[in-house]
Amino acid sequence: MSACAHLDELPSAVEPSTTEGCEDCLAIGSSWVHLRLCLTCGHVGCCDSSPNQHATRHFEDVGHPVMRSFEPGEDWRWCFADEMVV
Ligand SMILES: [Zn+2]
Ligand SMILES: [Zn+2]
Ligand SMILES: [Zn+2]
C-alpha cells in the first residue's frame with residue numbers, strides 16, 4: 001500500500017472552525033450524525049451517514065483531501081483523493 005502524499009502538504013496543526021458541530025448544518029439548521037475535521041483548513045463537517053454529508057461536500061467544493069474524525073476518542077484520518085485511511 002502506498003503512502004498518501006497529501007499528508008506532507010498538511011499544516012502541522014489546524015484550529016477547528018467550531019466546536020459546536022457541523023458548521024454548515026448549523027448555518028442551515030440541519031442535524032448531523034458524526035463530525036469530521038478538515039486537516040487543511042479546520043472546516044468542521046458532517047459524515048456520509050449525515051443527511052447533508054458536508055465533509056464530502058467540502059472536499060468536492062474546495063479540494064481539501066484529508067479529514068480526521070472529530071469524534072471524542074477517535075483519531076483516524078481519511079484521504080478523499082486516495083480513498084483510504086491514512
Ligand atoms: Zn492522499
Ligand atoms: Zn453538515
Ligand atoms: Zn478544508
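Values below: every heavy atom of this structure, side chains too, minus hydrogens, waters and symmetry copies. Atoms within each ligand, like the ligands themselves, are counted from 1 in listed order.
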Please report, to 10°, the angle around the Zn ion (ligand 2) from atom SG (Cys25) across to atom SG (Cys46). 110°

Heavy-atom check, side chain of Val14 versus side chain of Cys41, under 4.5 Å: no

Between Val86 and Leu7, does the side chain to side chain contact (heavy atoms under 4.5 Å, CB included) criterion hold? Intermediate values first, please. CA-CA 8 Å; Val86 293; Leu7 292 178; 3.8 Å; yes

The angle formed at the Zn ion (ligand 1) by ND1 of His6 and SG of Cys4 is about (to 10 degrees) 120°

Rounded to 10°, the SG/Cys79 to the Zn ion (ligand 1) to OD2/Asp82 angle comes out at 100°

Give, rounded to 10 degrees, the angle between SG (Cys41) and ND1 (His64) as seen from the Zn ion (ligand 3). 110°

From the N, O or S atoms in His54, identify the one nearest to the Zn ion (ligand 2). ND1

Between Gln53 and Asp48, which heavy-atom pair has the shortest distance, and what is it? NE2-O, 3.1 Å

Within the 4.5 Å heavy-atom criterion, are Thr40 and Phe59 side-chain neighbours or not? no

State which residue, out of Leu26, Val44, Asn52, fulfils the side-chain contact (heavy atoms from CB on, under 4.5 Å) condition with Trp32. Leu26

